[in-house]
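Following: one structure in structure tokens, then a few remarks.
In what follows, every heavy atom counts, from backbone to side chain, and hydrogens, waters and symmetry copies are set aside. Chain letters run A, B, ... following the sequence lines, proteins first, then strands; residues in each count from 1.
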Amino acid sequence: MNETKFVTEIASKEEAFSQWYIDVVKKADLADYTLVKGCMVIKPYGYALWENMQQCLDRRIKATGHKNAYFPLFIPESLLKKEAEHVEGFAPEVAWVTHGGDQKLEERLAIRPTSEAIIGSLYSKWIKSWRDLPVLINQWANIVRWEKVTRPFLRTTEFLWQEGHTAHKCEEEAEEETVKMLTVYKDYIEQDLAIPVIIGKKSNNEKFAGAVHTYTLEALMGDGKILQAGTSHNLGQNFAKAFDIRFLDENQQEQFAWTTSWGTSTRLIGGIIMVHGDERGLKLPPKVASVQIVIVPILFDKSKQEVLEKARIYKEALEEKFSVELDDRDSYTPGWKFNEWEMKGVPVRIEIGPRDIAKNQVLAVRRDKGTKTVINEEDLVATIEKWMVDIQKNLFLQARANLEENIRFADDYDSFKEIIEEKRGFIKAFWCGDGECEEQIKKETKTTIRCFPLEEQNEKGKCILCGKESSSIVYFGRAY
RNA sequence: CGGGGCGUAGCGCAGCUUGGUUAGCGCGCUUGGUUCGGGACCAAGAGGUCGGAGGUUCGAAUCCUCUCGCCCCGACCA
């Protein structure tokens, strides 16, 4: 009875997915709207999640030899314009600073929509010899893109991300770096965030403005739409030529450097919500959950002190391995707390009441499955430790099963349209490689090529639209 | 930028058609008390320039004009 009352608080995930998403963002206390359209506050609970995500990824970025730095927020207009495709790609969504106080600026300053330009101009200063290479730098920063349609975490005017920018002495090394970061991202997103991804290469229409080619990680969301989870770009010598990044090689020949860039953002928080969440709210993977265990004491007047004392002892024991919150608030009933912490996605809840104390046990509940288990005091830490591993794995396996169920092959355009209307998900289909076919499919079905899968392909077939002979299968999908 | 909708307490809304006491309701909030194993209850409170400006009128949340903002659909979106 109470459970039905509860679900009226957030929209149904099945029936109104986008409203459900907004409700979860707000009710789980991750973010809030502000006075500026498209700009959100990331609230403490959401920011703690982001900090954990940062730590997981930052560790991996550093383990592969990169160092962090910080570059300026402002990019002079003349600098941004140096790479033609790049500026053309970003121009519509750049925010400009035109005044400093009352004084009009000589030159407009772009608020970075990405940092290739500003970083490229500095690499030009720093790189003179092959001995200076490679340069392997990452930055954690905020970005501004003036989007017309915004949604919390998924597309906001200002957002947080990391962007790696590297420079290399040859083409092979740059390509190796681009692919290496793709796999770093894959490991991070799959192992830490428990989100399975399809990795591949973008089509020319979808690649990064100014890149030679773009690798991408594509994830399936709970409503069958696709979220681009991260990208890694091989920029070739395009940006080196535009920003004059030259060096003398071992043979005393002057060369342009080969550069890469790669990024992931707070958008991944949206991914976690939409991949793992359910009718009761968020489900956080233990590796990034800021609260891994919540202890809810069941308080009666007579046993209150005793129960709280025991709860504190358990908290201390568990805190050696986990982040634990003891919810001893007086003004809420246990049932209220259960629902709130489930909404917030905490992986494990522990209930302690007088009945448990009498038997030296607790009642523990898993957020991923909802199962309730009585655990003896002496087994508590060891059992929860196993659970955390299992919950992390289970969230990933569930998401992967869903992904696999929603990859469908289409061999004619009618069945393609039927799948995208009724089931969505990924559609594998042959494509002739012509950008006009791609464009027409996008116009008619709102479906884009998400990527060329990385595996080698030997099959041949007919382009889903024009029917021309083709040897490449691509993944289509409706994107966020 | 085109089409539609909405602005009344922190949130969700009623009141407006047909102008007329002191602008209501639910949730939330504060204080006190009783409660507590899946969103408890009682009592007493606090909280409003009715998005803004101008107009009509003895009198405007309500009618008129202008304006600002938000949401949805479309277009756009590396």
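- To the nearest whole angstrom, the two P atoms, one in B:rG3 and one in B:rU21, are 39 Å apart.
- Taking every heavy atom of residues 206-226 of chain A and every atom of RNA chain B, pairs under 4.0 Å involve A:Glu206, A:Lys207, A:Phe208, A:Ala209, by number.
- A donor and an acceptor atom, one from each side chain of A:Thr260 and A:Thr166, are located under 3.5 Å apart.
- Contacts between residues 74-83 of chain A and RNA chain B, counted as heavy-atom distances below 4.0 Å, involve no residue at all.
- Under the Watson-Crick and G-U wobble criteria, each requiring two contacts below 3.5 Å, nucleotide B:rG59 is left unpaired.
- Which of B:rC77, B:rC36, B:rG37 sits closest to the side chain of A:Leu299 comes down to B:rC36.
- Under the Watson-Crick and G-U wobble criteria, each requiring two contacts below 3.5 Å, nucleotide B:rU31 is paired to B:rA43.
- Within the 4.5 Å cutoff, side-chain heavy atoms of A:Leu193 are placed close to those of A:Tyr188.
- Under the side-chain hydrogen bond (donor to acceptor under 3.5 Å, both in side chains) rule, A:Tyr215 has a single partner from A:Lys186, A:Lys202, A:Glu175, A:His233, which is A:Glu175.
- Heavy-atom minimum distance, A:Tyr45 versus A:Leu30: CD2-CD2, 3.8 Å.
- In this structure, A:Ile298 places its CD1 atom 11 Å from P of B:rC36, rounding to the nearest Å.
- Take A:Pro196 and apply the side chain to side chain contact (heavy atoms under 4.5 Å, CB included) test, not counting sequence neighbours, and it matches A:Glu190, A:Phe396, A:Ala399, A:Arg400, A:Leu403.
- Searching all strands for a Watson-Crick or G-U wobble partner of B:rG12 with both distances below 3.5 Å returns B:rC25.
- If you check the side chains of A:Gln162 and A:Thr264, you find a donor sitting under 3.5 Å from an acceptor.
- Distance check on atom C1': B:rA46 versus B:rC70 gives 29 Å, rounded to whole Å.
- Looking at which nucleotide of RNA chain B each of A:Gly89 and A:Phe338 is closest to, the 5′-most match is held by A:Phe338.
- Checking B:rG74 for Watson-Crick or G-U wobble geometry (two distances, each under 3.5 Å) identifies B:rC1 as its partner.
- By the side chain to side chain contact (heavy atoms under 4.5 Å, CB included) test, A:Ser265 pairs with A:Phe159, A:Trp161, A:Arg267, sequence neighbours left out.
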Review point. Where along nucleotides 28-35 of chain B does protein come under 4.0 Å, by heavy atom, of base (B) or sugar-phosphate alone (S), with - for untouched nucleotides?
Key: -S-----B
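- Pair check for B:rG69 finds B:rC6; Watson-Crick or G-U wobble, both atom distances under 3.5 Å.
- Only the C1' atoms considered, B:rG47 is 10 Å distant from B:rU30, to the nearest whole Å.
- Contacts between residues 258-270 of chain A and RNA chain B, defined by a heavy-atom separation under 4.0 Å, are absent.
- B:rG52 sits 10 Å from B:rG69 when the C1' atoms are compared, rounded to a whole Å.
- Residue A:Asp328 holds its CG atom at 8.5 Å from NZ of A:Lys315, rounded to the nearest 0.5 Å.
- Using atom P as the reference point in both B:rC13 and B:rG51, the two lie 14 Å apart (nearest Å).
- With hydrogens and angles left out, the side-chain atoms of A:Thr114 and A:Arg112 include no donor and acceptor closer than 3.5 Å.
- You'll find the ring centres of A:Trp431 and A:Phe452 inside the 6.0 Å limit.
- For B:rG74, one of the phosphate oxygens OP1 or OP2 lies less than 4.0 angstrom from a side-chain nitrogen or oxygen of A:Lys446.
- Note that the CG atom of A:Asn360 and the CG atom of A:Leu380 stand 11.5 Å from one another [nearest 0.5 Å].
- Rounded to whole Å, the distance from NZ on A:Lys337 to P on B:rA40 is 11 Å.
- Looking at heavy-atom distances under 4.0 Å, A:Pro113 makes no contact with the nucleic acid at all.
- A donor and an acceptor atom, one from each side chain of A:Gln305 and A:Glu309, are nowhere located under 3.5 Å apart.
- A salt bridge does not link A:Glu436 to A:Lys443: none of the charged side-chain nitrogens sits closer than 4.0 Å to a carboxylate oxygen.
- In this model, no donor atom of one side chain and acceptor atom of the other lie less than 3.5 Å apart for A:Asp223 and A:Trp20.
- When the C1' atom is compared between B:rG28 and B:rG45, the two are found 14 Å apart, to the nearest whole Å.
- Using C1' as the reference atom, B:rU35 and B:rC16 are 44 Å apart when rounded to the nearest Å.
- Between B:rU65 and B:rU56, the two C1' atoms lie 11 Å apart (nearest whole Å).
- Across all strands shown, A:Arg349 has heavy atoms under 4.0 Å from base atoms, whether or not it also approaches the sugar-phosphate.
- No side-chain donor from either of A:His165 and A:Ser261 sits under 3.5 Å from a side-chain acceptor of the other.
- Contact of A:Lys372 with B:rG37 (side chain to base): no donor-acceptor pair of N or O atoms is detected under 3.5 Å.
- Contact check for A:Lys304 versus A:Asp330: side-chain heavy atoms found under the 4.5 Å cut-off.
- The residue among A:Lys26 and A:His233 whose nearest nucleotide of RNA chain B lies closer to the 5′ end is A:Lys26.
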